[in-house]
Amino acid sequence: MTTDKLLAATDQCVKCGLCLPHCPTYRLRRDEAESPRGRIALIQGLTTGVLAPSPRLDAHLASCLECRACEPACPSLVAVGAIVDEARARRTLALPAWRRWVKRTWLAALGSARSMGLAAHLAAIYRATGLSRLARRLGLRRLPHIYAYARLAEGLHPPGPWQKTQGQEGDVALFLGCVSQVTQGATLSAVVSVLERLGIGVARPAGQRCCGAMLRNNGFPDGADRLLGLNAAALSGRPLVGVASACVAELRTHPGLAGTQEICSLLAATPWPAGLDLNPLPANVLVHEPCSHRNQLGGNADVHRLLARIPGLRIADLPDNALCCGAAGTYLLQHPRTAEALLAPKLAHLDRLRPRFLVTTNPGCALHLAAGLREAGLPIEVCHPVELVARQLPAVQAEPPTCG
Ligand code: SF4
Ligand code: SF4
């Protein structure tokens with residue numbers, strides 16, 4: 001984005017303040033600089049040279065969750081997410097080369113299916129040897145930036161054998177992502193089972209990469225664009241479906257991937273074969289709506305529509321879904337205290353309502369919510385909505401033997 005375009009985008013803000021009550025960081029801190037309006041003013045000052053860069057100013061830009069809850073509330077349609085992305089890109093360019101390299105390498109590791117696979121194997125050892133229990137007993141929680149990785153390790157699982165095989169044949173291509181492969185293995189298997197029962201073959205094309213959202217939100221738009229281009233080359237030619245709402249939102253920003261479908265929407269819109277009735281599940285489920293689903297994909301009505309296919313399931317929204325849970329991509333690793341503070345009210349609602357299941361369509365939110373529930377000792381299972389659907393599929397009828 002050119003400087004003129006950035007200033008034009010920030011000038012759209014009329015400083016009305018209607019966005020303030022919708023911003024989770026402003027609600028938490030009651031500090032103008034932690035609000036959308038305040039951040040826009042800081043970016044205007046920085047871009048025009050009225051304000052000098054400072055660690056304090058950088059901290060206010062870094063503490064934005066990029067949840068975009070401010071955008072639907074804004075009468076002037078200010079693109080706060082894109083403005084913050086651009087400001088972060090400019091601040092990242094101003095970093096010394098070695099700091100840029102360290103940040104880029106860290107993001108490359110998080111966005112690589114291979115390194116996340118290795119991390120998942122190490123995480124399995126960490127759990128199996130009891131190191132995770134020891135870390136909790138030793139009070140690792142007092143070191144939030146280290147504890148954030150320990151929490152992440154609790155939710156990583158090595159990819160299953162089917163995930164390692166690439167299949168070029170199929171009616172739709174499944175976007176596997178990077179983190180999803182080690183946090184959403186069960187979801188990816190469930191998606192394949194359900195689609196195949198609907199007669200839709202699933203391809204898992206080779207050459208696909210991380211969607212790039214982590215790079216874009218952390219000041220590396222060129223790297224994000226490069227990944228989107230590689231994905232467009234690997235995945236074009238048939239309908240594309242994704243299971244992680246944040247990845248779907250990012251993929252849709254590329255013209256060649258604009259038609260990427262979110263899995264619940266695809267399953268809700270597809271005609272189901274006559275006689276394929278799901279088994280009943282008499283249980284309460286609360287639906288968590290990730291910010292990417294709410295503010296970038298237009299809402300998760302299709303999640304409710306899909307779950308309504310399960311007889312007996314009592315479905316309700318997790319209260320205060322409009323407020324970010326604090327996961328926000330890499331935010332839970334970079335700002336663990338704020339991430340936990342934003343999670344606390346969600347845990348209070350879950351403690352009061354005690355559903356059997358909590359469903360969410362984004363893997364980062366699922367990890368963060370599951371970690372909080374585990375620490376609070378609440379026996380609530382966190383899963384993707386499609387996992388519940390897959391579990392309730394009726395058994396496949398065996399072909400009657402033929403007389404020979
Ligand atoms: S994107 Fe979220 S955290 Fe950032 S200013 Fe908007 S509402 Fe606040
Ligand atoms: S609602 Fe929009 S115009 Fe009003 S202060 Fe917030 S960003 Fe600016």
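These numbers were taken from a predicted model, which means no experiment stands behind them. Whatever order the structure lists ligands and atoms in, that order sets their numbers, starting from 1.
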Practice task
May I ask you to list the atoms of ligand 2 that are less than 4.0 angstrom from any heavy atom of Lys15?
Solution key: 5 (S), 8 (Fe)

Exercise for the section: Please list, chain by chain and in numerical order, all residues satisfying salt bridge (charged side-chain N to carboxylate O under 4.0 Å, His left out) with Arg209, sequence neighbours excluded. Expected result: none

Exercise for the section: Among all protein heavy atoms, pick out the one at the shortest distance from atom 1 (S) of ligand 1; state its residue, atom name and that distance to 0.1 Å. Expected result: Arg68 N, 3.2 Å

Handout entry: Leu318 backbone acceptor or donor facing Asn321 side chain under 3.5 Å
Key = yes

Fill in the blank from the handout: the protein heavy atom lying closest to atom 8 (Fe) of ligand 1 turns out to be Cys23 SG, 2.4 Å

Exercise for the section: Could you tell me which atoms of ligand 1, counted from 1 in the order shown, lie closer than 4.0 angstrom to a heavy atom of Cys64? Expected result: 1 (S), 3 (S), 4 (Fe), 5 (S)

Practice task
Would you list the protein N, O or S atoms within less than 2.8 Å of atom 2 (Fe) of ligand 2, leaving out water?
Solution key: Cys74 SG

Problem - Asp351 backbone acceptor or donor facing Arg354 side chain under 3.5 Å - result: yes

Fill in the blank from the handout: For Cys67, the ligand 1 atoms with a heavy-atom partner under 4.0 Å come out as 1 (S), 2 (Fe), 3 (S), 7 (S)

Practice task
Between Glu66 and ligand 1, find which residue part has any heavy-atom pair under 4.0 Å and reply side chain, backbone, both or neither.
Solution key: backbone

Exercise for the section: Could you list the atoms of ligand 1 found under 4.0 angstrom from a heavy atom of Arg39? Expected result: 3 (S), 4 (Fe), 5 (S), 8 (Fe)

Exercise for the section: Under 4.0 Å from a heavy atom of Gly17: give me the atoms of ligand 2 that qualify, with their elements. Expected result: 4 (Fe), 5 (S)

Practice task
Apply side-chain contact (heavy atoms from CB on, under 4.5 Å) to Glu196 and list each qualifying residue two or more places apart in sequence or on a separate chain.
Solution key: Val192

Practice task
Indicate yes or no for a side-chain donor-acceptor contact from Asn300 to the backbone of Arg294 under 3.5 Å, with no hydrogens or angles considered.
Solution key: no

Exercise for the section: Could you pull out the closest heavy-atom pair between Pro355 and Asn284, with the gap in Å? Expected result: CB-O, 3.7 Å

Exercise for the section: Kindly say whether Gly81 contributes a backbone atom to a donor-acceptor pair with the side chain of Glu71 at under 3.5 angstrom? Expected result: yes

Completion exercise
With sequence neighbours left out, the residues meeting salt bridge (charged side-chain N to carboxylate O under 4.0 Å, His left out) with Glu375 are Arg141, Arg151

Exercise for the section: Using atom types as modelled and distance alone, determine if a side-chain donor or acceptor of Arg127 lies under 3.5 Å from a backbone N or O of Ala153. Expected result: yes

Handout entry: Charged N-O contact under 4.0 Å between Asp85 and Arg88
Key = no

Problem - Neighbour count >12 (heavy atoms, 6.0 Å) for atom CZ, Arg56 - result: no

Practice task
Please write down residue, atom name and distance for the protein heavy atom closest to atom 3 (S) of ligand 1.
Solution key: Leu65 N, 3.3 Å

Exercise for the section: Measure the distances from the heavy atoms of Pro24 to every atom of ligand 1 and state whether one is below 4.0 angstrom. Expected result: yes

